[in-house]
Amino acid sequence: MTGESPQRPDVPGEPRPAEDRRHTIRRRALTLLIIVLLIGVPAGYLVISANQSRASGKDKAAKYSATGLTEGWPSKVQRRIYQVPIPHPAWWVASYETNNWRTSRLYVEFETTDAGLSAFLATMGVPESELKRDHITIGARDREVTDWTFDGPGTWSGLVHEQKDPAPTHDVVVNHDKPGYPWVYVVSRTVP
């Protein structure tokens, strides 16, 4: 046998050999990285999530505290439920929804082209010939809610598209003041 003794496993109670400096630094860096990953990443996620939730709540509060027409397209869900197929192109779109236990209403206004008006009415299943000149179909109650007045210049026409419950009923008024670019006003009401 030679004079070398075999490596002995660590025996409890015996002191360990001292760690060299490089190994100590590497072990501490690895420990720090693990702590950052286990604590920092979830904490950062919670902060981001809380800010998004707060912003979402503010947006919803502003939307539901509106007391009249708000600029922008109604959501796809609203357009589907109330069956208001806003055509493309359409601009100056504004909408407002009211709900109570008896009736829900969606108020929408927009400007479009003559072709857009035809497409809008066709998608609703109404021929354009149903528009009757000087026939204002939106009632005083609905005009008060939206501040619509139908006494300005232009040729006014309207129609009522009644459907069997639970499908909505549409009151439509069109202003042909600008040739080729009619303004469309719609009140869609449904009984839940």
Note to self: Distance check, rounded to the nearest 0.5 Å: N51 atom CG versus L46 atom CG?
What the structure shows: 11.0 Å
Next item on the list: Name all residues meeting the side chain to side chain donor-acceptor pair (under 3.5 Å) criterion together with H88; count only those two or more places apart in sequence or in a different chain, and write none if there are none.
Entry: none
Check: About how many Å separate CD1 of I138 and CH2 of W148, when rounded to the nearest 0.5 Å?
Finding: 4.5 Å
Check: When clusters are formed by joining ILVMFWY residues with side-chain heavy atoms under 4.5 Å apart, either directly or through shared neighbours, do W183 and I136 land in the same one?
Finding: yes
Next item on the list: Report whether I34 and V41 are members of the same hydrophobic cluster (ILVMFWY, side-chain heavy atoms less than 4.5 Å apart, transitive linking).
Entry: no
Checklist line | Heavy-atom pair of closest approach, residues P168 and Q163 | finding: O-NE2, 2.6 Å
Note to self: Side-chain heavy atoms nearer than 4.5 Å, only ILVMFWY residues, links allowed to pass through others: does that put Y45 and V36 together?
What the structure shows: no
Notebook entry, point to check: Is T112 reaching over with its side chain to a backbone N or O of P89, donor-acceptor style, under 3.5 angstrom?
Noted result: yes
Notebook entry, point to check: Under 6.0 Å from the CH2 atom of W92, do we count more than 12 heavy atoms belonging to anything else shown?
Noted result: no
Margin query: For Y107 and Y96, take the angle between the two ring planes, folded into 0 to 90°, and tell me which bin it lands in: parallel under 30, tilted 30 to 60, perpendicular over 60.
Written below: parallel
Margin query: Are L69 and V187 connected into the same hydrophobic cluster when the rule is that any two of I, L, V, M, F, W, Y join if their side-chain heavy atoms are below 4.5 Å apart?
Written below: yes
Note to self: If you count heavy atoms of other groups shown closer than 6.0 angstrom to CZ of F150, is the number above 12?
What the structure shows: yes
Next item on the list: Identify, with sequence neighbours excluded, every residue that meets side chain to side chain donor-acceptor pair (under 3.5 Å) alongside S157.
Entry: H176
Check: Got a second to check how far N175's CG is from E109's CD, nearest 0.5 Å?
Finding: 11.0 Å
Checklist line | Rounded distance (nearest 0.5 Å) linking atom CZ of R22 with atom CD1 of I25 | finding: 10.0 Å
Next item on the list: State, to 0.1 Å, how close G72 and S95 come at their nearest heavy-atom pair, and which atoms those are.
Entry: O-OG, 3.7 Å
Notebook entry, point to check: In Å and rounded to the nearest 0.5 Å, what is the CH2 to OH distance from W91 to Y181?
Noted result: 6.0 Å
Notebook entry, point to check: Among T98, T103, T169, D171, which one satisfies side-chain hydrogen bond (donor to acceptor under 3.5 Å, both in side chains) with R189?
Noted result: D171
Checklist line | Members besides L159 in its Ile/Leu/Val/Met/Phe/Trp/Tyr cluster (side-chain heavy atoms under 4.5 Å) | finding: W73, V77, I81, Y82, V84, I86, V93, L106, V108, F110, L117, F120, L121, M124, V126, L131, V172, V174, V184, V186
Checklist line | Interatomic spacing from CZ in R26 to OG1 in T31 - rounded to 0.5 Å | finding: 12.5 Å
Next item on the list: Could you pull out the closest heavy-atom pair between T137 and H135, with the gap in Å?
Entry: CG2-CD2, 3.2 Å
